[in-house]
Number of protein chains: 2
Amino acid sequence: MSPAAGNKAPQKAPNGNRDATDRALIAAGLELFGEYGFNGTSTRMLSQSSGANVSAIAYYFGNKEGLYKAVIEHIVQRATQYIGPACEAIREKEPMLTKLSARKALKTLVESVAHLFVDSDEPKSWALIVMREQARPTEAFDILYYGMMKTLHGQISALIGICTGLPAQGDEAKIRAHTFLGQILVFLSSRETLIRQLGVKKLSDHHVSLIHKVLWAQVAAALKVPMLCRGEDR
Amino acid sequence: MSPAAGNKAPQKAPNGNRDATDRALIAAGLELFGEYGFNGTSTRMLSQSSGANVSAIAYYFGNKEGLYKAVIEHIVQRATQYIGPACEAIREKEPMLTKLSARKALKTLVESVAHLFVDSDEPKSWALIVMREQARPTEAFDILYYGMMKTLHGQISALIGICTGLPAQGDEAKIRAHTFLGQILVFLSSRETLIRQLGVKKLSDHHVSLIHKVLWAQVAAALKVPMLCRGEDR
DNA sequence: GCGACAAATTCAATCGATTGATTTATTTTT
DNA sequence: AAAAATAAATCAATCGATTGAATTTGTCGC
């Protein structure tokens, strides 16, 4: 029986090659799905790039879509490595945050998200995958949403709430959090446009540090905007 | 000879159905490419959805990619209908803009872009297409970039320059313009996340008007941020 | 510690279905 | 009748998935 049949976890894994093969497939999937999209990536490409046989896809992940989901889970796991620490630090001391400390926590969070999406080259392969899921959510979107988006979005809303006096569960705090994320995400999702505008081939260190400065300066300025809603929402 | 052989524009359009067929194909392409992506859309789907025969794709557009480019051109044309007027108004009086009038012009521009990407449902089908081109630019990206992005981005940079004293052609003004666009675009590119956070199925009129308020309030606040760069760039 | 057996894994070969594109024939318009 | 446009049929190529055999690996009686 293939390990993909039972939900997870091989019973006794007599063969040590197990990890090596499915890791190679996930690595290939990350590369190829990111480069060519789901439909643009054939099982044969995945097989060749990973060195594994085509049937290994069905064997380990059920089918191509199963591998795709595994790749998404891997993305969530990697992203968590970047922003997880900042999120947990906030969750721990959230009840006793003051305006000032909340501001500081938000800065840390914004910087770690920016570090992931602006500095690092790693998520460049994620972009197409994540954007596709945003545009046409499949079952895999749940993995992305519950695995990272929801927590991140919620934390930012909470901090905005503390800093501005807005109800953290209200529409305005959520919308503001969305614009904060937008300012950062655009450097991943629309990087090609920025590159062309700047007339360079790649973002230099100088650009990256300037982006960080601009980001925090503008987020900080946005925090000073007084509440706009007329208190109708929760 | 097929009309797609010569680069464009039918010589004398002897058949009245000419326009109807290729328009139907573009409409179908807009729908299907937006829904399933380029690779996910087959020529047979396009044929069935448009009512045209499969061979009409080759006849009018050379091949599937030709139709895809025509769809992108259509997107640019539609977007220009939204934001073109605001852009031209600015270009006309750019030399004599004061800080105050530039601020007002920027507000108009931001609102027309937001009107397109937040209020309207039309660009929802564009999202996947545009995002894909951003992630992996093909030749078609040039159409998007030179047809709308470049002008829009440049105009915003120019207005930021006037409002803040930054050089409009400098890196910081361009980066700031990018974050402004990011705050708006995120409502298209990551709408699914926002929808889930708000706990609704669709953005209500109340949400839309609140988003507009938040957007302008934050952009206005960002304009007050003094220049950050140490004047090294152009 | 050995050899046999079973489970886990890999492999090449092949399935029917679908892909984009082309060809040939027919209809419509001028 | 000539040109333009549509329709139907068909092309080789490739798709995801499956097959059953071959190979590797761990387990267990002895």
Side-chain angles (χ1 to χ4, degrees), chain A residues 1-26 28-29 32-33 35-71 138-140, chain B residues 1-6 8-29 32-33 35-71 138-140:
Chain A
M1 195 208 320
S2 92
N7 217 2
K8 210 65 197 297
Q11 298 78 347
K12 272 184 191 175
N15 194 336
N17 269 24
R18 202 208 176 298
D19 273 5
T21 304
D22 69 357
R23 249 205 286 266
L25 275 172
I26 288 178
L32 295 173
F33 288 139
E35 179 80 20
Y36 305 103
F38 181 78
N39 290 304
T41 303
S42 71
T43 53
R44 285 161 180 84
M45 290 162 67
L46 291 162
S47 162
Q48 184 178 355
S49 171
S50 66
N53 192 271
V54 268
S55 62
I57 296 171
Y59 184 72
Y60 285 111
F61 304 99
N63 53 25
K64 191 174 125 176
E65 193 184 326
L67 173 55
Y68 178 72
K69 285 184 186 172
V71 166
T138 69
E139 298 172 27
Chain B
M1 197 206 326
S2 91
K8 207 66 203 291
Q11 297 78 347
K12 273 183 189 175
N15 191 336
N17 269 24
R18 202 211 172 295
D19 273 5
T21 303
D22 68 359
R23 250 205 285 267
L25 275 172
I26 289 179
L32 296 174
F33 287 139
E35 178 81 20
Y36 305 104
F38 181 79
N39 290 306
T41 303
S42 71
T43 53
R44 286 163 179 83
M45 290 162 68
L46 291 162
S47 162
Q48 184 178 356
S49 171
S50 65
N53 192 271
V54 268
S55 60
I57 296 171
Y59 186 72
Y60 286 111
F61 303 100
N63 52 28
K64 188 173 128 176
E65 192 183 327
L67 172 56
Y68 178 71
K69 285 184 186 172
V71 167
T138 69
E139 299 172 28

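Numbered from 1 within each chain, the chains take letters A, B, ... in sequence-line order.
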Practice task
Calculate the interatomic distance between B/L46 atom CG and C/dG20 atom P; express it in whole Å.
Solution key: 8 Å
Problem - A/F61 CZ to D/dA17 P, straight-line distance once rounded to whole Å - result: 14 Å
Completion exercise
Quick note, B/N53 side chain, CB onward, closest among C/dA21, D/dA7, C/dA13 is D/dA7
Completion exercise
From CG of B/N39 across to P of D/dG16 the rounded distance in Å is 10 Å
Exercise for the section: Rounded off to whole Å, could you give me the CG-to-C1' distance for the B/N63 and D/dC11 pair? Expected result: 17 Å
Fill in the blank from the handout: In whole angstroms, the gap separating C1' of D/dG16 from CD of A/E65 amounts to 12 Å
Fill in the blank from the handout: OH (A/Y68) and CD1 (A/I57) are apart, to the nearest 0.5 Å, by 15.0 Å
Exercise for the section: Please report, rounded to the nearest Å, how far the C1' atom of C/dT19 is from the CD1 atom of B/I57. Expected result: 12 Å
Handout entry: B/Y60, nearest nucleotide to its side chain (from D/dA5, D/dG16, C/dT9)
Key = D/dA5
Handout entry: Shortest non-hydrogen contact between A/A24 and A/S50, atoms and distance
Key = O-CB, 3.5 Å
Fill in the blank from the handout: Side-chain contact check for B/Y59: nearest option of C/dG20, D/dA5, D/dA8 is D/dA5
Handout entry: Minimum-distance nucleotide to A/S42 side chain [options: C/dT9, D/dG16, C/dG20]
Key = D/dG16
Exercise for the section: Grab the two heavy atoms, one from B/N39 and one from A/Y36, that are nearest each other, plus how far apart they are. Expected result: ND2-O, 3.9 Å
Completion exercise
Separation of D/dC15 atom P from B/Y36 atom OH, nearest Å, is 21 Å
Practice task
Report the distance from atom OH of A/Y68 to atom C1' of D/dA17, rounded to the nearest whole Å.
Solution key: 20 Å
Exercise for the section: Could you check whether B/S47 gets within reach of a base, just the sugar-phosphate, or nothing at all, counting any heavy atom under 4.0 Å? Expected result: nothing
Exercise for the section: Select from A/K64 and B/V54 the residue whose nearest nucleotide in DNA chain D is closer to the 5' end of that strand. Expected result: B/V54
Handout entry: A/K69 side chain to A/E139 backbone, donor-acceptor under 3.5 Å
Key = no
Problem - B/S55 side chain, from C-beta outward: closest of D/dA5, D/dA7, D/dA9 - result: D/dA7
Handout entry: Under 3.5 Å donor-acceptor, B/N53 side chain and B/A56 backbone
Key = no
